[in-house]
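Okay, so here's the structure we're looking at.
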Amino acid sequence: MEVNTLTVTDNRTDQTYTLPIVDGTVRSMDMRQIRTSDDDFGLMMYDPAFMNTASCRSNITYIDGERGILEYRGYPIEELAERCTFLEVAYLLLFGELPNESQLKSWVYEITHHTMLHETTRQFMEGFRYDAHPMAMLVSTVAALSAVYPEAKHVHDAENRLQQIKRLIGKMPTVAAMSYRHSVGFPYVYPDNDLSYPENFMNMLWKMVEPKYAANPVLARALDILFILHADHEQNCSTSVMRSVGSALADPYLSVAAAAAALSGPLHGGANEEVLRMLDEIGTKENIPAYIQRVKNGHGKLMGFGHRVYKNFDPRAKIIKRTAEEVFRVTGHNPKLEIALELERIALQDEYFIKRKLYPNVDFYSGIIYQAVGFKPELFTVLFAIPRTVGWLAQWQEMLTDSEQKISRPRQVYTGQRSRRFVPMEER
Ligand code: MLT
């Protein structure tokens with residue numbers, strides 16, 4: 001008997017099947033042969049919310065949730081966050097290798113020279129109501145870029161794809177910043193190509209009447225690190241949407257807009273805002289034990305703790321915690337950080353949380369940093385969307401060039417009624 005196989009006995013028929021195991025998986029399609037009769041459809045796997053189903057092969061991001069490991073293209077996230085810029089990491093995610101000096105120089109040049117929006121896109125953004133949520137503006141504007149670049153529909157043309165990828169990475173901070181300026185009623189600021197990627201974003205957000213915006217280098221670096229940490233996270237909800245919409249061969253602007261829409265949900269990109277709300281509710285360090293007790297009694301959740309794939313520390317949380325300390329040296333003392341640190345300390349010693357493997361995740365500290373740097377909570381998901389665009393695009397490319405992929409089409413288990421007699425209106 002071949003070792004790398006799974007033997008399944010169907011007790012309905014007493015038949016035994018031998019299924020190959022490759023890379024720790026069996027193919028769902030191999031289940032189809034398990035049938036009770038010739039007209040039986042065959043066995044399917046039932047997996048709501050994809051708790052244990054791999055939808056693709058990928059060599060972009062590796063996560064070991066049990067050990068708290070995250071790697072992009074094989075490089076530990078800790079090293080990338082410490083030694084790279086976000087655009088360097090974007091290159092790595094998209095092309096599989098770290099760029100050399102001249103590759104990085106031309107990559108940065110090209111992204112920087114795609115930061116401008118077509119004037120009609122700027123006008124499109126002006127059409128939103130004064131109180132439009134920045135994320136709603138971002139999703140709609142990215143979708144609208146599909147109308148500006150109709151050639152983007154040729155998704156099987158590699159050169160064309162790369163052009164759209166550069167445009168999206170370049171324009172995302174511009175759209176994000178304009179959506180913010182719109183929400184506060186400030187005039188839009190055009191990109192400044194002398195500045196680095198995070199500095200230019202800060203410039204477009206906060207420049208007022210000064211002739212040239214000068215970003216605080218510590219804050220700009222913190223933002224760049226946060227971008228690196230959020231760039232990809234394998235098959236999370238929004239990335240699955242990107243792959244799914246992209247599998248229908250929708251163009252990258254529409255696919256990214258769909259992915260960003262998924263990210264806007266409070267269970268995905270909005271989770272750090274929930275952490276801030278919880279810290280506000282706790283109010284002071286003294287209230288922490290009572291709050292923890294309430295959570296243990298089943299009233300409320302410890303926001304920013306636990307993750308679908310990490311059953312250990314989210315490695316991004318450790319890096320963010322260090323970054324938070326650097327940011328607060330610039331922005332000054334923040335009582336929320338103290339509450340967060342104390343909450344983490346107490347929760348990590350508590351059997352209840354240890355047993356449930358509830359450790360701080362990436363959202364636990366990111367919202368506190370964003371707030372300290374001066375971002376309004378409405379902007380948090382927009383901040384997440386900027387770097388995640390790189391991950392979405394890398395995964396989209398991989399999907400398009402994977403010969404095993406087809407249009408995404410899950411199966412269902414139908415539980416409704418069948419073959420009913422139609423009831424005419426007068427009998428209802
Ligand atoms: C992410 O980075 O996308 C979030 O942690 C959610 C996830 O991975 O499921």
Side-chain angles (χ1 to χ4, degrees), residues 47-56 58 60-73 76-78 80-81 86 89-90 92-93 135 138-139 172 223-246 255-276 301-321 323 357-370 380-396 398-399:
D47 189 9
F50 303 109
M51 297 292 285
N52 195 37
T53 296
S55 60
C56 62
S58 181
I60 300 172
T61 292
Y62 173 78
I63 298 177
D64 180 336
E66 296 298 321
R67 294 188 183 80
I69 295 171
L70 169 61
E71 293 173 359
Y72 293 161
R73 299 284 190 183
I77 191 69
E78 292 80 0
L80 296 173
F86 167 67
V89 170
L92 170 71
L93 282 166
M135 194 58 175
L138 179 118
V139 169
M172 214 60 182
L223 193 58
D224 215 35
I225 291 175
L226 284 161
F227 282 173
I228 293 171
L229 301 182
H230 286 94
D232 193 48
H233 212 233
E234 48 117 307
Q235 308 314 313
N236 58 83
C237 177
S238 54
T239 302
S240 303
V241 169
M242 180 79 195
R243 278 182 175 259
S244 199
V245 176
S255 304
V256 165
L263 187 72
S264 75
L267 290 183
H268 192 2
N272 49 11
E273 205 179 323
E274 300 297 321
V275 174
L276 283 189
K301 271 166 81 178
L302 202 50
M303 302 309 298
F305 270 68
H307 191 281
R308 173 74 74 81
V309 292
Y310 292 117
K311 302 301 162 214
N312 198 321
F313 266 94
D314 177 339
R316 300 171 296 177
K318 288 193 193 165
I319 304 167
I320 290 197
K321 191 174 167 183
T323 311
K357 299 189 173 173
L358 292 173
Y359 295 92
N361 63 39
V362 70
D363 305 309
F364 190 62
Y365 286 106
S366 62
I368 313 175
I369 302 189
Y370 288 148
F380 291 179
T381 34
V382 166
L383 290 169
F384 196 159
I386 295 172
R388 187 54 61 90
T389 296
V390 169
W392 293 330
L393 292 168
Q395 301 270 351
W396 168 71
E398 190 178 64
M399 181 272 302

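Order of appearance sets the numbers: ligands from 1, and atoms from 1 within every ligand. Just so you know, these numbers come straight off a predicted model, no measurement behind them.
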Whether the side chain of Arg388 engages the backbone of His230 through a donor-acceptor N/O pair (distance < 3.5 Å, no angle test) should be reported.
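Checking the backbone N and O of His230 against the side chain of Arg388, a donor-acceptor pair under 3.5 Å is found.
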Tell me whether Asp363 contacts the main-chain N or O of Gly304 through its side chain, where contact means a donor paired with an acceptor under 3.5 Å.
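Side chain of Asp363 to backbone of Gly304: no pair is present.
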Centroid separation Tyr310 to His233 less than 6.0 Å:
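Centroid separation for Tyr310 and His233: below 6.0 Å.
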What pairs with Phe313 under ring pair (Phe, Tyr, Trp, His ring centres under 6.0 Å), at least two apart in sequence or on another chain?
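By the ring pair (Phe, Tyr, Trp, His ring centres under 6.0 Å) rule, Phe313 matches Tyr359.
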For Ser255 and Trp392, does a side-chain donor sit closer than 3.5 Å to a side-chain acceptor?
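No, no side-chain donor-acceptor pair sits under 3.5 Å.
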Name the residues in contact with ligand 1, where contact means a heavy atom under 4.0 Å away: which are they?
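Residues near ligand 1: His233, Asn236, His268, His307, Arg316, Phe384, Arg388.
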Looking only at non-hydrogen atoms, find the nearest pair between Leu383 and Phe227 and report the distance.
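That would be O-CE2, 3.8 Å.
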